[in-house]
Every structure is written in C-alpha cells, then in structure tokens.
Number of protein chains: 4
Amino acid sequence: MNIKAKPAKALQRVRKKRDAEGSKKAILEAALIEFSEFGHAGARVDRIAKNAGVSKPLIYDYFGDKEAIYAAALKEAYIQIREGEGELNLDQLNPPDAIRALVHFTMDHFRLKPWFISMLNTENLRGGDTIRELRGADEIQSVLVEKLRSVLARGAENGQFRSRVDPVELYIFIASLCYFPVSNKHTLRAVFKCPVDDAWLERRADEAADMLIRYLAPA
Amino acid sequence: MNIKAKPAKALQRVRKKRDAEGSKKAILEAALIEFSEFGHAGARVDRIAKNAGVSKPLIYDYFGDKEAIYAAALKEAYIQIREGEGELNLDQLNPPDAIRALVHFTMDHFRLKPWFISMLNTENLRGGDTIRELRGADEIQSVLVEKLRSVLARGAENGQFRSRVDPVELYIFIASLCYFPVSNKHTLRAVFKCPVDDAWLERRADEAADMLIRYLAPA
Amino acid sequence: MNIKAKPAKALQRVRKKRDAEGSKKAILEAALIEFSEFGHAGARVDRIAKNAGVSKPLIYDYFGDKEAIYAAALKEAYIQIREGEGELNLDQLNPPDAIRALVHFTMDHFRLKPWFISMLNTENLRGGDTIRELRGADEIQSVLVEKLRSVLARGAENGQFRSRVDPVELYIFIASLCYFPVSNKHTLRAVFKCPVDDAWLERRADEAADMLIRYLAPA
Amino acid sequence: MNIKAKPAKALQRVRKKRDAEGSKKAILEAALIEFSEFGHAGARVDRIAKNAGVSKPLIYDYFGDKEAIYAAALKEAYIQIREGEGELNLDQLNPPDAIRALVHFTMDHFRLKPWFISMLNTENLRGGDTIRELRGADEIQSVLVEKLRSVLARGAENGQFRSRVDPVELYIFIASLCYFPVSNKHTLRAVFKCPVDDAWLERRADEAADMLIRYLAPA
DNA sequence: AATGAATGAGTTTTCATTCAT
DNA sequence: TATGAATGAAAACTCATTCAT
C-alpha cells in the first residue's frame, strides 16, 4: 500500500550542506510526499523540514508560506508525472495495440506514482484554487494527448478506427478508467470487497483496453 | 485564515430547542457539508457547531470526538447516496436502454450530490482508515450492483449481451467513467481547458453509455 | 520610575473564574500595561495572558489578533485618562488660578498615569495608524478643552485675559509643557542632567503656569 | 506581516565595494531610518542590511548585535541633529528676536529631521537604557543651551529680560513647545482635528515665541 | 572585506477538547 | 438537554544571529 498515513519514515536525506539548489530540491520532494500523504490542511511544515533535512526557516525563505510550498509541490507532481511520458513510443505499434499500451502505461503511472493521484484529489477537494493560478501550464500539459491524436489518425487511416474521435475526450475515458480504481482503492476494498492489488489493477486495465478498442472500431 | 471559507451557504438552522433527534440530525448534516468541503484535517468543529446551530459541547456529547463525527458523516454520505437508488426502475427497459439509464443516473448522482465524491476522496486520501472500521456495511452497499446483475441476466438471456460479465466490475467501469470527470473537474478545466458543466457531463455520460453497450454486446 | 522595562511583576490578578466581563477587563488592563511598557512590536501576548491570569486563546477569542488588542488598549488608555477629568472643578476659581490648577492637573495626570504618555508615543511612532481607525472619537475627546473655554470666557469677561484665545491651541501649549518633561525624562536626565523627579516636575508646572498666565494677560 | 512596511523609500545605495568606511556609514544611515521608523523592537536587521546594500554578517561584524546597532544609531541621531546648531548665529540679533529665531530653529529642526524625535521617543519608551550608557556625552550635548545663556545675559544686561533665568529650563520650555506638536501630530490630528502641517507648526512656533518673550520680560 | 546558506529560539495564532453551570 | 467560558498542545511563521567560504 502506498498512501498509508502512518510510518512516513521517508528516510532523511544525506545531503551536502550549503547547497541551495540541493536544499530546494530536497524540500520540494519532501513537500510532495507530505502533501500527498496528508492533504493540504493535514500537511505539517515541521515534517517537511525534518524529512528534507533542513530547518523550517529555510523552507519559508525559499518558498514563502505553506500555500506556496503546496503550489510548488503540486507543480512538481505534474512535472514528475510528465517525465517519462515522452519516452512512451507508440509509433511502431498497430493502433489497437498502441491503445492497449497507453492504457497500461496510464494505469502503471497512477499505480506506481500514487502521490500524483493524491495531489490531484487534494487539489480538487480544494476547488482547484491553486492550479488555476499556476504559471507554466505547458509544463503540466500531458503529451499523451498528442500521442493519442497520432494513433487515432493512423487507425482512422487504415480503417481500424472510426474517424473524428476527439483525443482529449478519449484520453479522459482512459484516465477515468485507470484513475478510479487506484484513487478509490480503499473504499472499493471496503464496499465491494475488491482485492485491489497490482494484478487486479492490471486486469482492469486490460479489460478497459478491450472496451476502448471496441469503442473505437468503425460501426 | 488559510482555507478560503467559501460562501458558507449552509444557512444556520432554526430549530426547536430540547430536540435531541433534531440536534443530532442537524449536526450530521452540517458535518457532512463541512468535511466534504474542507476534508478531514481542514474541517472545523466550530463551523459545524455554528452551521448546525448548536454548541460545541453538544457535539462532543453526541459523537465523542472529531474522528467520530467524521465517521458518522461518512456513513451519512453513503446513506444519503443510497437513498433514491432503490427507486431506479430498470426492469421495464430494454437492457441496453437500462445500461444507458444507469449511467446517466450515476452521473447525475455524482453531479448533484457533490459531497459524496468529496467524502470518498477524503476517505481515500486518508487511506480508508475510517470506512474499514465502519459498522453496517449493508447500509453502504449499493443496490445498483444488484439491479445491474438483473439487467445483465436479461441481456444475456435475449442475446443482446455477452454472458459472464461480472456486475461489480461493470459497475466499477460505470462509476469510473462518471466519477473522474466530476471529481477532477477543476484540474480538467485547468489542464485540458474542458468546459466541465452539466451539459458537457451529460454528453460524456451518453458517450460512455455507447461505449459500455458496445462492450457488452456479444462478439 | 514608572516605565521601567524590567521586573514587570504586575501581580497576577485573582479573579473569579467563568466571568467573561471580568476576564475581558483583566486582559485589557494587562494589555495596557504591556503595550505601554514595551511598545507595539515589543509587547508579548504571552505576557498579557499571564498577567491577566487567562490563557492566550481566550485573548484571541475576545479580541481577534494582536493589532486588535492594541487598539482596545489604546482606547482604554484614553478612556482611563478621561476618567477624573470631569471631576476637575474650575468654576469656583479665579481664572488665573484655574489655569494654574489645570496645568498642575495635567502634569499630575501625565506623571501618575505614565502608560498614557507611553501609549501616545507608541501610537505616534506607528504613524497613528490605529487611532485613525478608532471608533468612538467622543470617548477619547478631552473635556479639558471645554473647561478651558469657559475659564477663558470668564477671564476675558472680567478683563483678566485677552479675548479670542483658542482653547484648543492653549490646551496644546499646556499639554506640550507637561508632556515633554515627563515623556523625555530619561533623555533629559542623560543629556541635561536634570533631576527629573516629582518635585522638579511640579516646579516646572508652576513655572509653566506663570508663563501661561502672563501670556493670557491683556496687552 | 504586522507592521505596514511603509513606502520603503530608502533607495538601496549604490556603493563601491570593499569600502569599509562607506559600508559602515551606509549601515548607520539605514539603521537610523529603520529604528526611527519602526522603533527598537520593530526594527529589522534584514531591512537595515537591504537598505544599506550590505549583507547581514557585515553588520554584525561591524557593530556586534542589534542593541549595539541601535546605540550607534541613537548616537548618530544626536550627532546629526547637533550639526547645524553651531551655525545658528544669534549674536547679531536683538535678544527677543534671538529667542524667536531660536524657537523657529528648533521647530524646523524637529519638523525637518523627524527621525530625531522618533529616536528620542523610542529611547524614552525603552526607559533610556541605552543613552544612559552612551559614551561621549559631549557629542550629544546641545550647544543651543550655551547660545541661549548668552542671549539671556545680553537681555538681562540691557533690561529687556529678567535676570536669573536658567537657560536649561528655558530651553526645556522651548523644546517642549516644539516637540509635542511634531511628536504627537497623528494623535493631534485624530483627537483635536488639528491640521498639523508645516504652516500650522510655524504658527505655533510664532505664538510660542510670543509667549516666551513675554515670560522673559521683567515684571 | 564580504556574503549566501542556514538555524535556535521564539512569537503569533489556531483548534480540538473540557469545565462549570 | 444544553452552553458560555476556558485551555493545552500544537501549528504557521519570524528574526537575531552564526557558519563556511
């Protein structure tokens, strides 16, 4: 389980001292973990400082206030999640296979970087106040939509897919199908007795891919 | 103050005094609003008391501590969401139409009772600690799964649907497709510039229903 | 010496508990002492709480924040200084004697209630930000000006005083002559080696009265 | 932040580097402004450094600690105010005119170098702890008393003035009459609705001079 | 001579919770 | 059944001061 609010050992970094960049990075990482584990109101600057291996004043020096730390952490969540998306190569794959690969990639992403979903949930609970003000929307824009657009074009070209499918809307379907089981794993376990583990999630991804591929097939 | 105290609609109740049941109910409703609006850590007992029109000691008298208020509110969220689910009558509908109706019903549910999604998000952010301990799982179990089971049976019988589709897994698909666009409306707006409003959501529901119906069709 | 920043024993009050009015009054008194002794920035809410015999949260509950406590203390300083001014009866006195009495009264006031001068100094150092916003200007308006007006009228009538002397401007002369030696006693001692004690201050008041009476005499 | 950071005019110096004397002077000037604007407790070493255009460690290197910076600034206030006092030439003037000139000189001094009054207020609020320890009392001793002594002598000689007037006590009268309206300008505005501006102050000075000259006249 | 990096020890403020009636 | 009065414990944030270069 990834999002447990208990031990939070988050091993204290060993860092070279008097290294502003390093300190800032360490704070950001600790903040990301803290906010995703405890939410905005539940996060503690004390813990961020401790886990980053710096003093609290340094954090305030670099970021300003808790809200600003949170904003930086939210942006960092997007930046980190976007890293790696570029490496996903769908060009060589048969369009239906590309869809399946993308679904699995997305599910793995959510599964393996649970702080991303936590940050999204936290931010949406807060009404999106922070992301709305975030500079640099480019950095948080997913490249997956573009990859998807190209897959859809190839599929439409060779007759495997319907034409005129909006890649954003399709991506939202994919994200929806991967997001919910990961985000709501605790309530799913409690309410539906689902064994929400890696294998189960991968099976869900596979089934979702089936559904999506059928959905894309021409009538 | 850190958390923007939104409109604070929740107009203070006018209640007859010395009405234990009424007080308890009022507290529960105020708590549900409070926790869904601010999350577990962000919720304030003061505000709950004010919005419920009672004193803080009374809340502690009835519930014990903040955690217990939260648990009661979480349960209340499920109880309230389950209300009305029973009324949904799918028996008269052609199975594909029943699926479509169920998808719309779910989307409307999420859309119109936003505190439900907020509570689920909050609880999952907290690692499901509370729901795991919640007594009376029956009360939080959705009847939609049973309705779905019967629709699937009818569909399989008359050849419109594949057989051997697990109603829980199907329900999770439906929930996923409805949950994500509502839950993540703020980030969707910011990142994908989606106009997340009622009409848009209904269109998403319709499209999702198309996809699901195709998915259920026999190969 | 009155304004010493050292011991501040300010004996902790013995108060009956659960007495909101009493608590509020106690806080106000402690705040007045604290702010006048240490200035706005130097004042400590901790000390106010301790000297008032209440907890810090109670202070915040009643007043809001440090700035509001300060504003209340400033107003209280004026209210307390205005108490007693009403009792001063100049009507029976020969106008020159009335002037002399008023000067001594003012000097005594400043001398015996040193927190008043301290609060004025503090507020003026802060640019008057707080007094400018203070509601209830009536409460801080001195009745001495009115008393002075009547004395001046009597004096003009019977030929002892010039006519057309503005009572406000005269009062400012009186205040100036009493204020400076009290307010600046420490620097006067250090720079001019003045023995600024009660006797010396009373002699200054007497001399000032001489000067003022001459000033008022008709040419 | 509590204290409104006023315009922060004090434009950051451009200074040649490695200039010990220049740095020290810059720090002193910035400190004088800072302490007079915010008082002892309200002053911030950060701001002094920034406005002086140097780093904080340099300040500590040169002065020791905040208390020492304050002491230096207080002394500097006296030194700066004493500059120019020497140039005032009263010898050529008829004694009454000399008195009037001295009053105006004093009023202008206070009016045009407001940090002096602020520093005096600050120091007196602190109980004179610092000035009492200040070395070099000569530097802070006003020459005006000596000038006054000579004017009084001339006046007494030619019969315009009474004899046996103590120049220190007279100087305190003058200072009192000029100090109060400048020092308390904000409260005077708020409480008495006085239009405390340059013209008003000059009129007060003129009126004060009238009063003092009468006071000095032989019975 | 000078400073960027860093922090210990506060200080204001908040909040769940209890006391006394 | 109900609450006004009150607080311990902790949270965010600040600031004089020092370290390492």
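The sequence lines fix the lettering, A, B, ..., with proteins before strands; numbering per chain opens at 1.
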Which heavy atom in C:Glu123 sits nearest to a heavy atom in C:Ile131, and how many Å separate them?
-> OE2-N, 2.7 Å
Is there a donor-acceptor pair under 3.5 Å between the side chain of B:Arg132 and the backbone N or O of B:Gly127?
->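 Present.
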[N] [atom2] sits how many Å from [X] [atom1], rounded?
X: D:Glu34; N: F:dC15; atom1: CD; atom2: C1'; answer: 12 Å
X: A:Phe63; N: E:dA5; atom1: CZ; atom2: C1'; answer: 15 Å
X: C:Leu58; N: E:dT12; atom1: CG; atom2: P; answer: 17 Å
X: A:Glu21; N: E:dA5; atom1: CD; atom2: P; answer: 9 Å
X: A:Lys50; N: E:dT7; atom1: NZ; atom2: C1'; answer: 17 Å
X: B:Ile59; N: F:dA2; atom1: CD1; atom2: P; answer: 12 Å
X: A:Ile27; N: F:dA12; atom1: CD1; atom2: C1'; answer: 15 Å
X: A:Lys24; N: E:dA6; atom1: NZ; atom2: C1'; answer: 15 Å

Nucleotide by nucleotide, 5' to 3', does protein get under 4.0 Å of the base (B), only the sugar-phosphate (S), or neither (-) in nucleotides 15-21 of chain E, counting heavy atoms?
-> BSBBBS-
May I ask you to verify if any side-chain N or O of D:Ser23 is less than 4.0 angstrom from the OP1 or OP2 atom of E:dA2?
->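 Looking at the OP1 and OP2 atoms of E:dA2, one of them is under 4.0 Å from a side-chain N or O of D:Ser23.
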Does a side-chain N or O from C:Ser55 land closer than 4.0 Å to OP1 or OP2 of F:dG8, or not?
->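 No, C:Ser55 has no side-chain N/O under 4.0 Å of OP1/OP2 on F:dG8.
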Identify, with sequence neighbours excluded, every residue that meets side-chain contact (heavy atoms from CB on, under 4.5 Å) alongside B:Ala31.
-> B:Phe35, B:Ile48, B:Ile69, B:Ala73
Lys/Arg N to Asp/Glu carboxylate O, B:Glu37 vs B:Arg44, below 4.0 Å = no
A:Arg126/A:Glu67 salt bridge by N-O under 4.0 Å criterion |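 Between A:Arg126 and A:Glu67 there is a salt bridge, with a charged N closer than 4.0 Å to a carboxylate O.
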Distance in Å, A:Asp65 CG paired with A:Ile59 CD1, rounded so as to fall on 0.5 Å steps |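 Here the rounded value is 12.0 Å.
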Approximate separation, where rounding is to 0.5 Å, of C:Arg47 CZ and C:Ile33 CD1 = 12.0 Å
Given that both pair distances must be under 3.5 Å and the pair must be Watson-Crick or G-U, what runs of three or more consecutive pairs involve DNA chain F?
-> E:2-21 with F:2-21
Side chain of D:Tyr62 (C-beta onward), nearest among F:dA6, F:dT3, E:dA1 =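 Taking heavy atoms from C-beta onward, the closest nucleotide is E:dA1.
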Would you say the side chain of B:Lys25 lies within less than 4.5 Å of the side chain of B:Glu76, judging by non-hydrogen atoms?
-> yes
Find out whether A:Thr122 and A:Tyr70 are in side-chain contact, i.e. whether some heavy atom of one side chain is under 4.5 Å from a heavy atom of the other.
-> yes
